[in-house]
Amino acid sequence: MPSKSSAQENRTELVEDLMERFPHVPREAVIKEDLLRGGMAFDESALSGSEDGSGEVKPKSYFIFSFDHRTLPELGAAALNRPPEEIVLTGGAYDLRRTVVSVRVNPDSPYRVKAGEDGSLGLYLDGRRIADVGLPPMPDYYRHKLSNGKSVMEVAPTIQWGYLIYLTVFRVCQYFGAKEECQYCDINHNWRQHKAAGRPYTGVKPVEEVLEALQIISDHDTLGASSAYTLTGGSITSQVQGKDEADFYGQYAKAIEERFPGRWTGKVVAQALPREDVQRFHDYGIRIYHPNFEVWDKQLFEKYCPGKERYVGREEWHRRILDSAEVFGPRNVIPNFVAGVEMAAPFGFHSVDEAIASTTEGLDFFMGNGIMPRFTTWCPEPTTPLGRSNPQGAPLEYHIRLLDAYRSAMERHGLSSPPGYGPAGAGRAVFSVSSFMDTLPAEEGTPVA
């Protein structure tokens, strides 16, 4: 563990120490990573106040995982009066450029969103206002319902400040139980908690509902903010509605591309499938494939992703990723890893140096083959085995050094920012569940988001 940083109890001192030690990592990314890894608290006045499309703030949709540090029953006001989907930070003590951050609620966080004396919202750290906070406006398409009364937010929520339509068409995972579920993943619990709370949370979304919701978005997204959709959900080890994984998820892509040809860039998050299945994704109209490898280290993959190890295996998973590059082109294969589980007890690395070295080995493996991985910052959800045993997540220093290692690896292999994630660069990025896009260099002529 990093001796200097871990010994500091004052969060401001830790953050400013890392900003000083890693000046080439944008200061915006330091704050964003700390919010993603540890969450933020909300004064009740800062909550969105609506989940039915009638308010002025876009509420958190819980689009696949909870991404919270407490269960719904433990969130209090934040469970009844939803927090916003994301916040945007600007200005303040660190003169932050525009930074979009996914909301992960933690009532015990040292970061708090609340109104100042003038009524404007700010982000406070250790009691000091460090940034102005903007909330996402309720999009016009959220105010329209499907013919069956369901909300667009339930069927086709948007994230990344409206850039991405997130279609979780299968809300549970067939990796089930302690011997199969990924040890950091709460997709199955998130399904259960929303159903227990009486919230609408459709298990399998009918194709017709998805098309109707997308039609509403297409009709009412007058600014054209939505640019891509992601098809995703739990892994399918047998069948859903008589279809294997490629055909189940592929049927949505086929229907979307037939109804809205070229309107959005189609992406799919699925297992690393055999080449013939991957080809079907491409034939159905998908253009970007995310066969997520989750964690690089062999032992950690086996321990923390037991279902993936049992059904496919780590080496075969990697081989299939490389094979898929022959179908989609290397640039359009973008596997995700969960940044931080490398350091999760009981089996994770004990030092930041070891964890970064391991992950960098994985980055070099994929980037050396022209494939550009990306990552999501781990949120230690309390119902998962790793969340229960590691409630503080990974050290902030790990996340900052990872950003540095990621950009260095990209430059080493002559790669540029991946497609389908919006603009790159501090002040421009909209990707909200990690800071890797904030850290990459902005391309010339890219407008501020």
Side-chain angles (χ1 to χ4, degrees), residues 64-65 168-192 203-204 231-250 268-281 289-325 333-349 355 358-359 361-362 365-366 371 373 375-376 378-381 383-390:
I64 186 166
F65 313 116
T168 312
V169 293
F170 182 42
R171 277 265 176 68
V172 293
C173 182
Q174 289 184 351
Y175 291 148
F176 196 80
K179 295 184 178 180
E180 292 190 358
E181 289 179 354
C182 292
Q183 301 296 287
Y184 49 80
C185 176
D186 79 341
I187 184 173
N188 288 329
H189 174 78
N190 196 39
W191 154 258
R192 290 191 293 267
V204 177
L231 284 165
T232 188
S235 296
I236 298 172
T237 59
S238 56
Q239 292 187 334
V240 174
Q241 298 180 338
K243 293 180 171 62
D244 64 14
E245 186 160 314
D247 280 341
F248 175 77
Y249 289 111
V268 66
V269 179
Q271 297 187 85
L273 297 174
R275 180 171 176 156
E276 58 269 23
D277 291 349
V278 173
Q279 183 66 56
R280 276 187 280 162
F281 279 146
Y289 179 41
H290 302 289
N292 299 338
F293 69 94
E294 316 298 15
V295 63
W296 174 253
D297 179 77
K298 184 177 188 297
Q299 181 189 29
L300 294 184
F301 183 89
E302 293 170 354
K303 296 288 188 183
Y304 293 164
C305 305
K308 291 187 172 185
E309 175 63 25
R310 173 181 175 183
Y311 285 94
V312 181
R314 176 179 179 271
E315 284 70 31
E316 177 66 11
W317 198 283
H318 294 169
R319 187 182 71 78
R320 291 179 179 183
I321 291 175
L322 298 184
D323 286 349
S324 68
V333 176
I334 310 171
N336 182 70
F337 63 96
V338 184
V341 298
E342 296 90 341
M343 299 197 69
F347 302 108
F349 294 103
S358 173
T359 303
E361 181 181 291
F365 173 81
F366 288 114
I371 292 169
F375 59 90
T376 298
W378 176 39
C379 176
E381 289 115 335
T383 61
T384 65
L386 293 187
R388 285 192 294 270
S389 58
N390 301 269

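- His318 places a side-chain heavy atom less than 4.5 Å from the side chain of Phe366.
- Looking at Arg171, its side chain never comes within 3.5 Å of a backbone N or O of Trp191 through a donor-acceptor pair.
- Contact check for Ile187 versus Tyr175: no side-chain heavy atoms found under the 4.5 Å cut-off.
- Across every non-hydrogen atom of Tyr289 and Ala270, the tightest pair is CE1-CB, 4.3 Å.
- Residues Val295 and Phe337 fail the side-chain proximity criterion, which asks for heavy atoms closer than 4.5 Å.
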Inset, instruction - Under the side-chain contact (heavy atoms from CB on, under 4.5 Å) rule, what do Phe248 and Val204 come out as? Steps first, then yes or no, please. - result: CA-CA 10 Å; Phe248 175 77; Val204 177; 3.9 Å; yes

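- A donor-acceptor contact shorter than 3.5 Å links the side chain of Arg314 to the backbone of Trp296.
- Checking side-chain atoms of Glu181 against main-chain N and O of Lys179 turns up no donor-acceptor pair under 3.5 Å.
- Taking CG from Leu273 and CH2 from Trp317, the interatomic distance works out to 7.5 Å, rounded to the nearest 0.5 Å.
- Using cut-offs of 30° and 60° for the angle between ring planes, the Phe347 and Tyr304 rings count as tilted.
- Atom CD1 of Ile64 is separated from atom OG1 of Thr232 by 4.0 Å, given to the nearest 0.5 angstrom.
- When all heavy atoms of Leu322 and Phe365 are compared, the pair lying nearest together is CD1-CZ, 3.9 Å.
- Taking NE2 from His290 and CD1 from Ile321, the interatomic distance works out to 12.0 Å, rounded to the nearest 0.5 Å.
- In this structure a side-chain-to-backbone donor-acceptor pair under 3.5 Å is present from Gln271 to Ile236.
- Side chains of Lys303 and Gln183 form no contact here, defined as non-hydrogen atoms less than 4.5 Å apart.
- For the residue pair Gln174/Tyr311, the side-chain donor-acceptor check at 3.5 Å is not satisfied.
- The minimum heavy-atom distance linking Asn188 with Cys173 is given by the pair OD1-N, 2.8 Å.
- For Asn390 (side chain) and Leu386 (main-chain N/O), a donor-acceptor pair under 3.5 Å exists by modelled atom type.
- With values rounded to the nearest 0.5 angstrom, Phe375 atom CZ is found 11.0 Å from Phe293 atom CZ.
- Using a distance-only test at 3.5 Å, with no hydrogens or angles considered, a donor-acceptor pair links the side chain of Arg388 to the main chain of Thr383.
- Annotation: the span from Thr384 atom OG1 to Tyr184 atom OH amounts to 10.5 Å, rounded to 0.5 Å.
- In this structure, the side chains of Val278 and Asp323 stay at 4.5 Å or more apart for every pair of heavy atoms.
- Across Pro306 and Ala178, no two heavy atoms sit closer than the pair CG-O, 4.1 Å.
- Between Glu276 and Arg280 there is no salt bridge, since no side-chain nitrogen of the basic residue lies less than 4.0 Å from a carboxylate oxygen of the acidic one.
- Between the Lys308 side chain and the Asn292 main chain, a donor and an acceptor come within less than 3.5 Å of each other.
- We find that Glu302 and Lys298 are joined by a salt bridge, their nearest charged nitrogen and carboxylate oxygen being less than 4.0 Å apart.
- For Pro335 against Pro291, the heavy-atom pair with the smallest separation is CB-O, 3.4 Å.
- Heavy atoms only, all atoms of each residue included: Ser235 and Phe170 are closest at O-CE2, 4.1 Å.
- Within the 4.5 Å cutoff, side-chain heavy atoms of Leu300 are placed close to those of Phe349.
- Asp247 contributes atom CG, which lies 7.5 Å from atom CG of Asp277 (distance to the nearest 0.5 angstrom).
- At least one donor-acceptor pair closer than 3.5 Å links the side chain of Asn336 to the backbone N or O of Thr376.
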